[in-house]
Q: 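This structure is in structure tokens; I'll ask about it shortly.
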Amino acid sequence: MVSTTSNALRQTGTLALSLLLASACSSTTDPQEPSLPQAEPRTFAMGWSVTPPRLTTESVLATAQLVVDLGEVTLMQSAPPWTKILAGEPIDELVEEPAGLADYVRALGTQQIVFLVDPLDGLDRRREPLELVEAGRSIQEPEIRALHEAWVRAVVRRIGPEYLGLASEINTLGAHGDPVLYAALVDMINDLAAEVRAAQPGIQVFVSFQVDDAWNLLIPDGADHFSLIDDFDIDALGLSSYPVFVFDEPARIPDDYFSRFRAHTDLPLILVEGGWSSGTTAWGSGSPAEQAAFFRRFEQLMDSVDGDLWVFLIPVDLSLDGWGLPPDRESTLSNFATMGIFDEELRPKPAHEEWVRILGRPLVR
């Protein structure tokens, strides 16, 4: 089914061509052309999530190919499919859907998979997933916690991601949400982290923190987010940031926006979510030029902390008309709809050129 040559084969062919050219050059007495200046190396692997503009098979497959061509890493992020799980469908069968996508991007050539299993609502990190809430259930129940843990084990066993996220933007719950729910999730996350490492040595377990909130820019109540880092038994700290919602332009993002985390932890820092709009939204307006400047600014911030990973969720602008979301959730998600580096028709924006330039820097891990 997959006709595209893998990255490994492409790299092998490139190496062979380089050796052939070198041999040809050495056999002549003509002076060599001066070499072009080398780009500065980067410490962070790069990639995107396979988030398609439209919920169709064709759109998913096109986005998957685009994503694999734009980095070394593929991000997958989802909560357990609670409606189906609560209806009694076997978890080992349900995990085959994300596993099929993981198999596909690996066949296309992605080198690593980052899988984030989210125990919270993706549009409001202070509460549990909508499917659980509407069913009147909670992860604080032993039965629901056991089902969540079983889903995580199935993901690790079937997909085997190199990075496993066990919560997204967890500091927002810790600083502003229910302390009982937060304590329950900390306990579950730390238990799972130890179990996952034993099952798959070498896996990097993480949770992510919402950077803009940690700086008290979203909910300015003076809460100390950074002290929450020590609550978690993790191998890396994820960062999530949408500064378009709090700054007028990328140049206003402070120089220590990421390094402030470095002052509180020695853990590797990985950027696992974020973006800047190329258009006007209810929460904050951007432009194509500002979006391109945002990637240049985040490149500087990632270099400043020797980040290990840079992956974003939305490579292509979202066409939300066919997503079938309730009006309130569609309204919220629309604030993220123009954060792709391609428009809905897969035409590149100026930010695409910046991403490709950064990707072209040699990776030194």
Side-chain angles (χ1 to χ4, degrees), residues 1-2 4-11 44-51 60-61 63-65 67-82 84-85 89-119 145-168 188-208 232-238 267-268 270-273 307-313 315 363 365:
M1 182 177 68
V2 180
T4 303
T5 309
S6 71
N7 278 345
L9 290 177
R10 287 199 295 268
Q11 291 166 356
F44 44 88
M46 299 172 66
W48 294 88
S49 168
V50 184
T51 304
V60 171
L61 295 180
T63 305
Q65 179 64 74
V67 163
V68 171
D69 289 342
L70 284 175
E72 300 94 2
V73 184
T74 298
L75 171 66
M76 302 177 68
Q77 179 170 342
S78 70
W82 282 115
K84 294 180 179 179
I85 290 175
E89 296 189 38
I91 285 176
D92 283 344
E93 294 180 10
L94 291 174
V95 83
E96 285 303 314
E97 182 175 343
L101 179 59
D103 291 343
Y104 185 66
V105 295
R106 280 190 170 124
L108 289 176
T110 200
Q111 298 173 23
Q112 293 183 313
I113 287 179
V114 181
F115 200 107
L116 207 164
V117 182
D118 207 341
R145 171 170 169 167
L147 289 170
H148 182 97
E149 292 172 338
W151 175 260
V152 172
R153 294 187 194 103
V155 166
V156 173
R157 182 171 59 250
R158 174 63 178 83
I159 298 176
E162 284 72 22
Y163 289 84
L164 178 71
L166 292 176
S168 184
M188 182 185 72
I189 288 165
N190 290 341
D191 283 351
L192 277 171
E195 181 180 340
V196 165
R197 288 192 201 96
Q200 184 178 316
I203 194 171
Q204 297 289 295
V205 179
F206 70 93
V207 298
S208 78
F232 298 97
D233 175 20
I234 50 178
D235 306 305
L237 180 66
L267 291 169
I270 58 177
L271 184 57
V272 293
E273 188 177 342
D308 276 30
L309 191 68
W310 179 352
V311 287
F312 274 173
L313 281 174
L363 175 60
R365 300 301 296 270

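Below, all heavy atoms of this structure are taken into account, side chains as well, without hydrogens, waters or symmetry copies.
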Q: Do Glu149 and Glu195 touch side chain to side chain, with heavy atoms closer than 4.5 Å?
A: no

Q: For salt bridge (Lys or Arg N to Asp or Glu O under 4.0 Å), just list the numbers for Glu162 and Arg106, CA-CA rounded to whole Å, side-chain angles, deciding distance to a tenth of an Å, and then say yes or no.
A: CA-CA 12 Å; Glu162 284 72 22; Arg106 280 190 170 124; 3.7 Å; yes

Q: What distance separates Gln204 CD from Ile234 CD1, expressed to the nearest 0.5 Å?
A: 10.5 Å

Q: Might you point out which heavy atoms bring Leu313 and Ser49 nearest each other, and give the distance in Å?
A: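 Shortest heavy-atom separation between Leu313 and Ser49 comes out as O-CB, 3.4 Å.
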
Q: Rounded to the nearest 0.5 Å, what separates atom CD1 in Ile159 from atom CE in Met76?
A: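 So the CD1 of Ile159 and the CE of Met76 are separated by 5.0 Å.
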
Q: Inspect the surroundings of CD in Glu97 and state if more than 12 heavy atoms from other residues, nucleotides or ligands are less than 6.0 Å away.
A: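 Not buried by this count: 12 neighbours or fewer within 6.0 Å.
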
Q: Quick one: does Thr110's side chain have a donor or acceptor within less than 3.5 Å of a partner on Val105's backbone?
A: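 No, Thr110 side chain to Val105 backbone: no donor-acceptor pair under 3.5 Å.
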
Q: Less than 4.5 Å apart, side chain to side chain, heavy atoms only: is that true for Leu61 and Gln65?
A: no

Q: Looking only at heavy atoms, what is the nearest atom pair of Phe115 and Pro98, with distance?
A: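 Closest heavy-atom pair between Phe115 and Pro98: CE1-CB, 4.0 Å.
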
Q: Could you check if a side-chain atom of Phe206 sits within less than 4.5 angstrom of a side-chain atom of Leu267, using non-hydrogen atoms only?
A: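 No, their side chains stay 4.5 Å or more apart.
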
Q: Rounded to the nearest 0.5 Å, how far does CG of Leu166 lie from CE of Met188?
A: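 Reported value, rounded in 0.5 Å steps: 7.5 Å.
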
Q: Give a yes or no answer on whether the side chain of Asp118 reaches the backbone of Ala79 with a donor-acceptor pair at less than 3.5 Å.
A: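 It does not hold such a pair.
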
Q: State whether the side chain of Glu96 and the backbone N or O of Arg158 hold a donor-acceptor pair below 3.5 Å, judged by distance alone.
A: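 Side chain of Glu96 to backbone of Arg158, a donor-acceptor pair under 3.5 Å: no, none is there.
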
Q: Using the six-membered ring wherever Trp is involved, compare the ring planes of His148 and Trp82 and label them parallel, tilted or perpendicular (cut-offs 30° and 60°).
A: parallel

Q: Identify the heavy atoms of Ala167 and Pro119 that sit nearest to each other, and give their distance.
A: CA-CD, 3.7 Å

Q: Determine the minimum heavy-atom distance between Ala193 and Asp233, stating which atoms define it.
A: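 Looking at all heavy atoms of both residues, the closest pair is CB-O, 3.3 Å.
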
Q: May I ask you to test the Pro315-Thr51 pair for a side-chain heavy-atom distance under 4.5 Å?
A: yes

Q: Should Trp48 and Thr63 count as side-chain neighbours, where that means a heavy-atom distance under 4.5 Å?
A: no

Q: Shortest non-hydrogen contact from Val156 to Pro161?
A: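 Closest approach of Val156 to Pro161, heavy atoms only: CA-CD, 4.2 Å.
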
Q: When you compare the side chain of Asp191 with that of Arg145, does any pair of heavy atoms fall below 4.5 Å?
A: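 Yes; the side chains approach each other to less than 4.5 Å.
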
Q: Passes side-chain contact (heavy atoms from CB on, under 4.5 Å), Asp92 versus Arg157? Steps please.
A: CA-CA 10 Å; Asp92 283 344; Arg157 182 171 59 250; 2.8 Å; yes

Q: Can you measure from CD1 (Ile270) to CG (Asp235) and round to the nearest 0.5 angstrom?
A: 9.5 Å

Q: Nearest 0.5 angstrom please: Leu94 CG to Trp151 CH2, how far?
A: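 Between atom CG of Leu94 and atom CH2 of Trp151 there are 6.0 Å.
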
Q: What's the separation between atom CD1 in Ile85 and atom CG in Leu147, rounded to the nearest 0.5 Å?
A: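 Rounded to the nearest 0.5 Å, the CD1-CG separation comes to 6.5 Å.
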
Q: Is the closest side-chain heavy-atom distance between Val152 and Leu164 below 4.5 Å?
A: yes

Q: Between Arg365 and Asp308, is there a donor-acceptor pair closer than 3.5 Å when you use the side chain of the first and the backbone of the second?
A: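 Yes; at least one donor-acceptor contact below 3.5 Å.
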
Q: Are Leu271 and Phe312 close enough that some pair of their side-chain heavy atoms sits under 4.5 Å apart?
A: yes

Q: Indicate the atoms forming the closest heavy-atom contact of Val114 with Leu309, along with that distance.
A: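 That would be CG2-CD2, 3.6 Å.
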
